[in-house]
Amino acid sequence: MTTGRTSAAPRPTAGALRLVEASTTRPRSVDISGYARQMTTYCPYLAPSLQRGLTTWTVYRADGDLEAVQAELFHAGAQAAEWLRPLLNRPHGLLRCENIVLPGDVPGVRHRDLMAWPHWVLKNLYGQVGVMFGKFYAGAEEVTAAGHRIPAAPVSFLPVRAAVRRRDPRFLSATPDLAAALAAADDDGRDVFEHIPTGWKEIRTWARHLLPPAKPLPSSPGTPASPPPSSS
């Protein structure tokens with residue numbers, strides 16, 4: 001049994017990310033079903049996951065400034081990961097995928113910048129226990145390693161799923177330490193927060209030290225540098 005400390009972390013930003021629709025296989029607030037069917041061509045696990053009702057979507061709407069929404073997006077991701085962890089070793093556990101959907105906008109902030117830090121922190125926290133985080137931005141065209149164009153997502157979202165250890169590390173070539181941790185991942189029930197702070201600013205500072213030093217990205221005035229681009 002996992003014992004994450006996310007619920008005990010101080011959350012002065014609570015309310016910056018409002019729940020629109022709780023975890024469901026058929027969200028009504030966003031039109032995602034057609035896109036999900038299209039994506040089965042590119043993800044071998046998605047079709048059987050959809051058929052068994054193991055792909056779920058939780059829809060939030062941003063209602064705060066950049067830092068507050070990032071903090072809440074991180075918290076939502078950690079909750080999703082902790083919910084998934086005990087399920088991944090059950091039958092069909094590898095087919096489970098919880099998606100954190102983020103329609104709407106923070107004024108003046110691209111979703112790419114809004115999601116970058118929470119995604120980076122969550123990948124580094126949960127890769128060690130075999131949970132993989134991806135990211136897709138509304139309207140952004142993606143291309144596979146083979147050069148095939150992937151349908152643009154109708155809405156931004158973070159997929160949370162079991163890591164495929166023989167496959168996923170190849171998508172993390174820009175972050176070899178993270179790729180190695182994911183390849184050797186083992187969920188022994190550890191508290192991933194045991195040795196790090198729980199406040200968002202402090203967690204982000206901790207995660208900054210994990211960035212590959214050769215590829216910093218420019219930051220907007222008054223905000224910390226974003227993590228390097230990496231594949232989902």
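The figures here come from the full heavy-atom set of this structure, side chains too, leaving out hydrogens, waters and symmetry mates.
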Can you tell me how far apart [atom1] ([X]) and [atom2] ([Y]) are? Round to the nearest 0.5 Å.
| X | Y | atom1 | atom2 | value |
| --- | --- | --- | --- | --- |
| Phe74 | Leu122 | CZ | CG | 5.5 Å |
| Arg161 | Leu46 | CZ | CG | 10.5 Å |
| Leu50 | Cys97 | CG | SG | 9.0 Å |
| His75 | Ile100 | NE2 | CD1 | 10.5 Å |
| Lys123 | Met132 | NZ | CE | 5.5 Å |
| Ile196 | Thr205 | CD1 | OG1 | 11.5 Å |

Salt bridge (Lys or Arg N to Asp or Glu O under 4.0 Å): pairs with one or both residues in residues 94-106, sequence neighbours excluded |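 Those involving residues 94-106 do not exist here.
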
Pairs in or reaching into residues 43-58: which pass salt bridge (Lys or Arg N to Asp or Glu O under 4.0 Å), with residues at least two apart or in two chains?
->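 Listed once each, the pairs would be none.
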
Excluding sequence neighbours, so at least two apart, what forms side-chain contact (heavy atoms from CB on, under 4.5 Å) with [X]?
| X | result |
| --- | --- |
| Thr41 | none |
| Ala153 | Tyr35, Phe136, Phe157 |
| Ala152 | none |
| Pro44 | Arg167 |

Crowded around Asp31 CG? As in, over 12 foreign heavy atoms under 6.0 Å?
->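 It does not: Asp31 CG has 12 such atoms or fewer within range.
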
Are more than 12 heavy atoms from other residues, nucleotides or ligands located less than 6.0 Å from atom CG of Asn89?
->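 Open: at most 12 neighbouring heavy atoms sit under 6.0 Å from CG of Asn89.
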
How would you list, by chain and number, every residue that makes a side-chain hydrogen bond (donor to acceptor under 3.5 Å, both in side chains) with [X], sequence neighbours excluded?
| X | result |
| --- | --- |
| Gln128 | Arg190 |
| Asp63 | Arg18 |
| Glu21 | Ser29 |
| Arg37 | none |

Side chains of Glu82 and Tyr126: do they bring a donor and an acceptor to under 3.5 Å?
->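 The criterion, which ignores hydrogens and geometry beyond distance, is satisfied for Tyr126 and Glu82.
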
When you check the side-chain N and O atoms of Thr56 and Thr25, is any donor under 3.5 Å from an acceptor?
->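 The answer is no; no qualifying pair exists.
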
For the side chain of Trp200 and the backbone of Gln70, is there at least one donor-acceptor N/O pair under 3.5 Å apart?
->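 Judged by distance alone, no pair lies under 3.5 Å.
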
Quick one: does Tyr45's side chain have a donor or acceptor within less than 3.5 Å of a partner on Thr40's backbone?
->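 Answer holds: no.
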
Hey, are the side chains of Lys135 and Arg112 touching, using non-hydrogen atoms and a 4.5 Å cut-off?
->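 Of all side-chain heavy-atom pairs linking Arg112 with Lys135, none is under 4.5 Å.
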
Should Pro154 and Ile32 count as side-chain neighbours, where that means a heavy-atom distance under 4.5 Å?
->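 In contact.
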
